[in-house]
Enquirer: 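A single structure is presented below for examination.
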Amino acid sequence: MNKPYIAFLFFILLSAQSYAEESYKQFLTEGKIWQYVYHDMNDNTHNKSLTVRGDTLIANINYKRIVDVATGRCECVMREDGSKVYCYQNENEFIVYDFSLNVGDAFVTANVNATVTSVDTITLGSRSFRVLGIHDNENDYSKNWWIEGVGGMNYLTNSVRMPGDNYTLLQCLFADDVAFSTKDFFLAQEYFPEGTKWTEIRLDTLKYDSWYSKDGEEWMPNFETVEYYVQGTYTKYDETFKCVYTSGPTWTDSLTLMILEKNDKVSVSVPAHNDLEELYVPWPGTAYQFDWSIGKGLYYENILQCNTTDMQSYHLYYGIIDEIKEADFGGVRPLQYVDLDGKAPEEDISLPITNLNTEGGRIIHGIGITEWKDGECLFGPPNPYDALSMFDYDHGDLYPQRHYRSMLVHFERNGDVLYNRWPKKDATDGIKSVSKEEAPLNNTFFDLQGRRLTSQPTKGLYIRNGRKFIIK
């Protein structure tokens, strides 16, 4: 091996090491400040700030002093070893954070058993943060988030306890600059922010048994296409709903759904108008829960019942999570998903009969169900008779004829294509047969960012039928 090559290899390894060191955000930096709000037993609120101020030596180990900004009192001492953060209190050291953990990793901190349920990266302003979802194994409702370089959303040393349980992090500052804002973080967790759009196809199963039919050598679609997009908001019940519009075979830009996102839960209402043509938003029904953990039962609500009675309905169940999986669905990054078993938790007596109609389905985290026996997919009723169809029903009948099958084929959020899968052309009863290699109709084009074009382009590089296509 010659010397120039050795030098080049050394440079590459050194660069990779430098990148890894730069990519990890150091936790205990001098002068960093954490600002909290505290709720006492009388529900009064108080503010408290902690900062890193100076060093101390204990048993020949160097620690950083964590000081109360207002009183100057040292609360505890902490040290950092790679991606792990330790706390020394009451002559005992324990690990508080380990930012190298991945989905499914279990750990113990301060005698609490917990598991990492999700790992993601969010961008706030000009900064990107690696975020770990943390679940307390002893408390099904307890969830926290670890933000690399910032810590947990509760108190600095209570890394598993959920925010709002006494303490909530407000923001983290470094050199008088807001490095992290909890408010901005929760806004960044939106699953259907402004501009989100997706495409669904639906098949009339009374007429067809496959998504495509072959006419000579050409495959012809049997399905109808419906485009969805999120635009604008509407306030009702002191809550902010997101407006969802659709365009389909016989209509365009129609207000179809109102989405409410709160605490990792997505609820939906089908808007209506009164005799004065004033918009009416009925009480929303829960469509999805995205606060996932192993063993948790995922429920939904009867949308029709919630909308017509203006109150919550009983919980119906998609199933119990036995495994959180990850796969590539044709987007810019792998997505987490769970396969449904249609079972309800035994301890939940609100629904003694499980909803077996959901067995065999699949939910993708932050998106929803991708294939369903209904006229709508993401927000169609899991049980075909739970809600009226938004597009096609028989007037005068008690229930509509639910003879459609629907499929999500494209989903975009914040300009990123997260899902892009179309049915196989040679599959019969193709509701479960999808392939990211199969693309939409020949006259449908996407740009290199995966955005669908409304008309055929005249010149440039595009995507058609899942392949790059050049128009000269």
Side-chain angles (χ1 to χ4, degrees), residues 12-30 32 34 50 52 55 61-64 66 76-89 92-124 127-139 142-163 169 172 174 179-180 182 185 188-189 264 290-294 323-328 332-337 365-366:
I12 293 296
L13 293 174
L14 183 62
S15 300
Q17 180 181 1
S18 300
Y19 175 79
E21 291 173 352
E22 291 176 3
S23 62
Y24 173 74
K25 294 175 175 58
Q26 189 176 354
F27 190 77
L28 298 172
T29 55
E30 188 74 17
K32 180 180 288 185
W34 293 268
L50 300 178
V52 180
D55 304 304
I61 300 176
N62 191 58
Y63 289 88
K64 291 287 187 180
I66 308 300
C76 64
V77 295
M78 304 179 78
R79 68 181 179 91
E80 195 168 4
D81 182 8
S83 58
K84 296 183 175 71
V85 180
Y86 297 85
C87 178
Y88 187 92
Q89 268 183 325
N92 179 48
E93 184 183 75
F94 58 93
I95 188 168
V96 184
Y97 302 103
D98 182 355
F99 294 106
S100 68
L101 296 175
N102 291 300
V103 174
D105 289 345
F107 62 93
V108 179
T109 174
N111 297 320
V112 177
N113 295 294
T115 303
V116 178
T117 58
S118 64
V119 176
D120 203 353
T121 300
I122 64 169
T123 300
L124 301 178
R127 294 181 176 91
S128 294
F129 298 89
R130 187 171 186 261
V131 180
L132 284 70
I134 306 299
H135 178 250
D136 182 350
N137 295 338
E138 305 299 323
N139 185 346
S142 181
K143 180 175 182 178
N144 201 341
W145 292 266
W146 291 359
I147 295 86
E148 187 179 282
V150 175
M153 306 293 286
N154 194 283
Y155 200 58
L156 186 63
T157 54
N158 292 334
S159 58
V160 175
R161 183 177 294 178
M162 66 189 300
L169 176 69
C172 180
F174 178 71
F180 178 87
T182 299
F185 169 76
Q189 299 305 296
D264 276 332
F290 292 125
D291 183 10
W292 289 359
S293 59
I294 302 299
E323 183 181 2
I324 300 175
K325 306 174 184 178
E326 188 174 271
D328 174 21
V332 297
R333 61 178 178 270
L335 302 175
Q336 293 182 344
Y337 70 94
H365 191 269

Enquirer: Closest heavy-atom contact between Leu132 and Asp98?
Expert: CD2-O, 4.0 Å
Enquirer: Tell me every residue that passes side-chain hydrogen bond (donor to acceptor under 3.5 Å, both in side chains) with Tyr155, counting only those two or more places apart in sequence or in another chain.
Expert: Lys48, Glu75
Enquirer: So do the side chains of Ile134 and Thr117 get within less than 4.5 Å of each other, counting heavy atoms only?
Expert: no
Enquirer: Between Ile66 and Leu28, is the side-chain contact (heavy atoms from CB on, under 4.5 Å) condition met? List the steps.
Expert: CA-CA 9 Å; Ile66 308 300; Leu28 298 172; 4.2 Å; yes
Enquirer: Phe290 vs Trp292 aromatic rings, parallel, tilted or perpendicular, using cut-offs 30° and 60°?
Expert: tilted
Enquirer: Taking Phe180 as the fixed residue, which of Trp146, Phe129, Trp34, Phe174 is the one that meets the ring-ring contact (aromatic ring centres under 6.0 Å, His included) rule?
Expert: Phe129
Enquirer: Specify the closest pair of heavy atoms between Trp145 and Val131, including all atoms of both residues, with the distance to one decimal.
Expert: CD1-CG1, 3.8 Å
Enquirer: Looking only at non-hydrogen atoms, find the nearest pair between Ser159 and Tyr97 and report the distance.
Expert: CB-CE2, 3.3 Å
Enquirer: State, with a plain yes or no, whether a side-chain heavy atom of Met162 is found less than 4.5 Å away from one of Asn154.
Expert: no
Enquirer: Which distance, rounded to the nearest 0.5 Å, do you find between the NZ of Lys64 and the CG of Asp55?
Expert: 4.0 Å
Enquirer: Minimum heavy-atom separation for Cys172 and Val150, please, with both atom names.
Expert: CB-CG1, 3.9 Å
Enquirer: If you round to the nearest 0.5 Å, how far is OH of Tyr86 from CZ of Arg79?
Expert: 5.5 Å
Enquirer: Apply side-chain contact (heavy atoms from CB on, under 4.5 Å) to the pair Ile147 and Met153, showing each step before the final yes or no.
Expert: CA-CA 8 Å; Ile147 295 86; Met153 306 293 286; 3.3 Å; yes
Enquirer: What residues form a salt bridge (Lys or Arg N to Asp or Glu O under 4.0 Å) with Glu326, not counting sequence neighbours?
Expert: none
Enquirer: Passes side-chain contact (heavy atoms from CB on, under 4.5 Å), Leu335 versus His365? Steps please.
Expert: CA-CA 7 Å; Leu335 302 175; His365 191 269; over 6 Å; no
Enquirer: Hey, does the Lys NZ or Arg CZ of Lys84 hover above the aromatic six-ring of Phe27, less than 6.0 Å from the centre and inside 45° of the axis?
Expert: no
Enquirer: Any side-chain heavy-atom pair from Ser293 and Thr115 closer than 4.5 angstrom?
Expert: no
Enquirer: Quick one, Leu169 with Thr182, criterion side-chain contact (heavy atoms from CB on, under 4.5 Å). Give me CA distance, side-chain angles, the key distance, then yes/no.
Expert: CA-CA 7 Å; Leu169 176 69; Thr182 299; 3.8 Å; yes
Enquirer: Report all side-chain donor-acceptor pairs from residues 101-114 shorter than 3.5 Å, counting only partners two or more places apart or in another chain.
Expert:
from: Asn102; atom 1: OD1; to: Arg130; atom 2: NH2; distance (Å): 3.1
from: Asp105; atom 1: OD2; to: Asn102; atom 2: N; distance (Å): 2.7
from: Thr109; atom 1: OG1; to: Ile95; atom 2: O; distance (Å): 2.6

Enquirer: Identify, with sequence neighbours excluded, every residue that meets side-chain hydrogen bond (donor to acceptor under 3.5 Å, both in side chains) alongside Thr157.
Expert: none
Enquirer: Roughly how far apart are Glu148 CD and Phe99 CZ, rounded to 0.5 Å?
Expert: 6.5 Å
Enquirer: Can a donor-acceptor pair be found between the side chains of Glu80 and Tyr63 at a distance below 3.5 Å?
Expert: no
Enquirer: Output all residues satisfying side-chain hydrogen bond (donor to acceptor under 3.5 Å, both in side chains) with Thr29, sequence neighbours left out; order by chain, then residue number.
Expert: none
Enquirer: Tell me, do Phe94 and Cys87 make a side-chain contact under 4.5 Å, heavy atoms counted?
Expert: yes
Enquirer: Which pair of heavy atoms, one from Gly149 and one from Lys32, lies closest together, and at what distance?
Expert: O-NZ, 2.6 Å
Enquirer: With sequence neighbours left out, what residues match Gln336 under side-chain hydrogen bond (donor to acceptor under 3.5 Å, both in side chains)?
Expert: none
